Structure formats: C-alpha cells, structure tokens
Amino acid sequence: MPDSNAAAWPWVRARLSGFRPATRPATRRGGTAAVRTAVVTDSAAALPEDYSRGLPRDGILTVTPMPVMVGAEIYGEGEDDILETIAVALAAGTPVKTSRPSPGQFEQAYRAAELRGFEAVVSVHISGELSGTADSARLAAARAGIPVDVVDTRTVSMAQGMAVQAAVEAAAAGADRAAVAAAAASQAERTKVFFYVPSLEQLRRGGRIGAAASLLGTMLAIKPILAVHGGRIVPLEKVRSAGRAVARLEEIVVAQAAPRPGESVCLAVHHFGNPEEAESLAARLEAALPDCPPAQISSLPAVLAAHAGLGVLAVIVGRLEVDERPKNDGLAGHHK
C-alpha cells in the first residue's frame, strides 16, 4: 500500500513556511553576513516525500539515495515498486543487500550546493555503526570546494530524519555551519528508536545483529523488542509471542513519550508490508497519548526494509523544545 500524501510534520512545515530562496546571504545581528549552509543526507533518513516538496526551492536539502541489490540487480531509493521487489525477493529467498553511497555521489551533492550559492554544507547521516555512509561523506568532504561538516547521527530512520529536519530549520533561519551541525546532533540525541521484527534472520544476514542472538530467537520462538542505542541495534526485551511483542512495544513507547517539563513529543511509525498493523498501533498510541500529535505513518525506506524484513513495526519518539510544539494549523495527517 503506498503512503498517502497527507501533510507531514506540520510543526516543521509551519516553521519553514516563512522562508523563501534567498538572493543574497542572510544577515546576522550586528550586520555581519551569515554563511548560507545547505544540508545533505541519505535515504535512510526516511523523510516523507511531501516534506521535501514543502521546502524552499533553493536546494537547501539534498537526499542521496542508498543502493539496494536484489540478486544481481541494483536499485536506488525512489524507483518504482522497489519495496514490492524487495518483498518478493525476501519471500523467495533471493539475496537482498545494501551498500553505502559512493564518495562521488556526495561530492556531486556538495558541488551542486556550491553552484547554487551555498557557502557550506552539513551532511547528516545514518549511524556509522550500521553503515559506512558517513565515511563516504567524509572522503567527499575532503575534496569539496566549500567547508563540509559530517554528522554521524548514531541513529536511523525518522530519528535520523528528525535530525535532518532540525538542521534544515536552523540553516533556513541563517544559522552558521557549526550551529546547523549542533542542531542535528542535539535532535538525534533526543530521539529514540524502538522496533519489533517477526524474524531476526534478515538482520543477521546483513550483519546488523549477532548470529547467536538470531539462532536463539529462532530456536525459542522469541519475538524481541529492539532499540537503537549507541548507534547499534540492541535487544531490549524478549517476548514469547508476536501479539505480546507489539503490545509491549506500545507500552515502552507510551512510557518513553511521557510529558517532561519544557519538552513536547513527536512520533513516527514505520512498517514494511503491514500497513494495517501500523495504523492500528498508531491509533492506540494516539489514544494513550492525547497530548501528543498523531504519529506519522510510513513505509520504511528500501535500504532499511532490506535489513528489517517483512512485518517490522518501528516507533520513533522525538523530543522537541516546548516552543516547537506542533500547532493545530489543519495540516496534520497520517502516512499509510
């Protein structure tokens, strides 16, 4: 089921709506010119399609696709039916692998930003413990014609995506390169990933979880709750049934999203091949967290779906400054 085009992350959209492509550098207080900073990321950030469409058309954000290899064929994020192709391949036992973008891809992105008049780049990427993407970006940064800061978010999916959004917001407001990078790193630190997969086999094949843990889960029919911690995928709890695993995932998220002074919370729910289950989970979270905006619901990007496998349910919990609380502007919506 394709994701809907309902507006995503109204709090970001509202804050960016006043920004327009600049014909000259922004000005800081005191009259000094601010360096125009672009943001580059990779497709593991799981950014909604309509998020990019709502940005100024000056190229402030570039998303570099991560390749997925299905058998002997190589696909890029965004190609038609890539998720369906991966699902069929996994069901048939066809090898599915992923790769980091090449340094040349990032070098092109940095060069394009320079040609558009940007004077610096902040490159925000998937955890270096899960992919060599940040290393590719660093190699490209050394050859770039403008300064590039590479941020390893130590996370993935919309946790990484929220860090990208924070960087874009800071850049659009005229923050310098260091402040843009700091905004991304801070948001990544305040955002957590929890997820459930019916089988650990695909994560084992991709080297994202140990063979011993995978074998134990298979032999004992354990359904683990996993998290991203310290940049790595780690087991959080072991549950005996799929139904109980999903229920426990919900309990963990509700506890994690409990209100704290000076902060608000945004949620995202990812799935692969099970949109109805994701919708149901999101609805229960909405009922349990009435002060939290409805969760955005979306398919995992291809590069993550290839490792998680069919039936995954992931929930991202992002904490925001209280003045970033989403406004009821009629733009709230779900991705299915």
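One-based numbering along the sequence shown. Fair warning: this is a prediction, and the values are worked out from it, not measured in the lab.
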Mind listing the closest non-hydrogen atom pair of [X] and [Y] along with its distance?
X    : Y    : result
E129 : G230 : CG-O, 3.9 Å
K223 : P198 : NZ-O, 3.1 Å
E114 : G145 : OE1-CA, 3.8 Å
L90  : G309 : CD1-CA, 3.9 Å
V180 : A175 : CG2-O, 3.7 Å
G59  : R116 : CA-CD, 3.9 Å

D50/R53 ion pair, N-O < 4.0 Å
no
Please report the interatomic distance [atom1]([X]) to [atom2]([Y]), rounded to the nearest 0.5 Å.
X    : Y    : atom1 : atom2 : value
Y75  : T85  : OH    : OG1   : 5.0 Å
T94  : I86  : OG1   : CD1   : 12.0 Å
H271 : E276 : NE2   : CD    : 8.5 Å
L130 : R154 : CG    : CZ    : 9.0 Å
Q160 : L304 : CD    : CG    : 8.0 Å
L83  : S299 : CG    : OG    : 5.5 Å

Knowing that exactly one of V315, V317, V228 qualifies, which makes a side-chain contact (heavy atoms from CB on, under 4.5 Å) with V193?
V228
Among T98, V96, L300, the one residue meeting side-chain contact (heavy atoms from CB on, under 4.5 Å) with H307:
T98
Mind checking side chain to side chain contact (heavy atoms under 4.5 Å, CB included) for A181 and listing every partner two or more places apart, or none if nothing turns up?
V122, D149, V151
Taken in chain and number order and not counting sequence neighbours, the residues that satisfy side chain to side chain contact (heavy atoms under 4.5 Å, CB included) with A188 are T153, T155, A163
Test item: [X] and [Y] side chains (from C-beta on) under 4.5 Å apart, heavy atoms:
X    : Y    : result
R138 : S123 : no
V265 : L289 : no
V156 : S127 : no

For residues 60-71, which side-chain donor-acceptor pairs fall under 3.5 Å, sequence neighbours excluded?
none

Flag yes if more than 12 heavy atoms outside R232 fall under 6.0 Å of its CZ atom; otherwise flag no.
no
Does I252 form a side chain to side chain contact (heavy atoms under 4.5 Å, CB included) with Y196? I'd like the steps, not just the answer.
CA-CA 12 Å; I252 291 169; Y196 152 74; over 6 Å; no
Is there a side chain to side chain contact (heavy atoms under 4.5 Å, CB included) between I316 and L267 once you walk through the steps?
CA-CA 6 Å; I316 288 76; L267 301 178; over 6 Å; no
Could you walk me through whether D176 and T37 pass the side chain to side chain contact (heavy atoms under 4.5 Å, CB included) check?
CA-CA 7 Å; D176 61 21; T37 301; 5.6 Å; no
Does the side chain to side chain contact (heavy atoms under 4.5 Å, CB included) test come out yes or no for M162 and R319, once each step is laid out?
CA-CA 10 Å; M162 291 184 191; R319 291 196 169 273; over 6 Å; no
Does one side chain, of Q187 or R190, offer a donor that lies under 3.5 Å from an acceptor on the other?
yes
Donor-acceptor pair between S298 and H270 side chains, under 3.5 angstrom:
yes
D152: which residues meet the salt bridge (charged side-chain N to carboxylate O under 4.0 Å, His left out) condition with it, sequence neighbours left out?
none
Other than V150, what residues sit in its cluster of Ile, Leu, Val, Met, Phe, Trp and Tyr side chains whose heavy atoms are under 4.5 Å apart, directly or through others?
V40, F106, Y110, V121, I146, V148
Between Q108 and Q105, is there a donor-acceptor pair closer than 3.5 Å when you use the side chain of the first and the backbone of the second?
no
Sub-3.5 Å donor-acceptor pair from the side chain of D135 to the main-chain atoms of T133, do we have one?
no
Name all pairs fulfilling the side chain to side chain donor-acceptor pair (under 3.5 Å) condition that reach into residues 244-256, sequence neighbours left out, sorted by first residue then second.
E237-R248, R244-E251, R248-E251, E250-R284
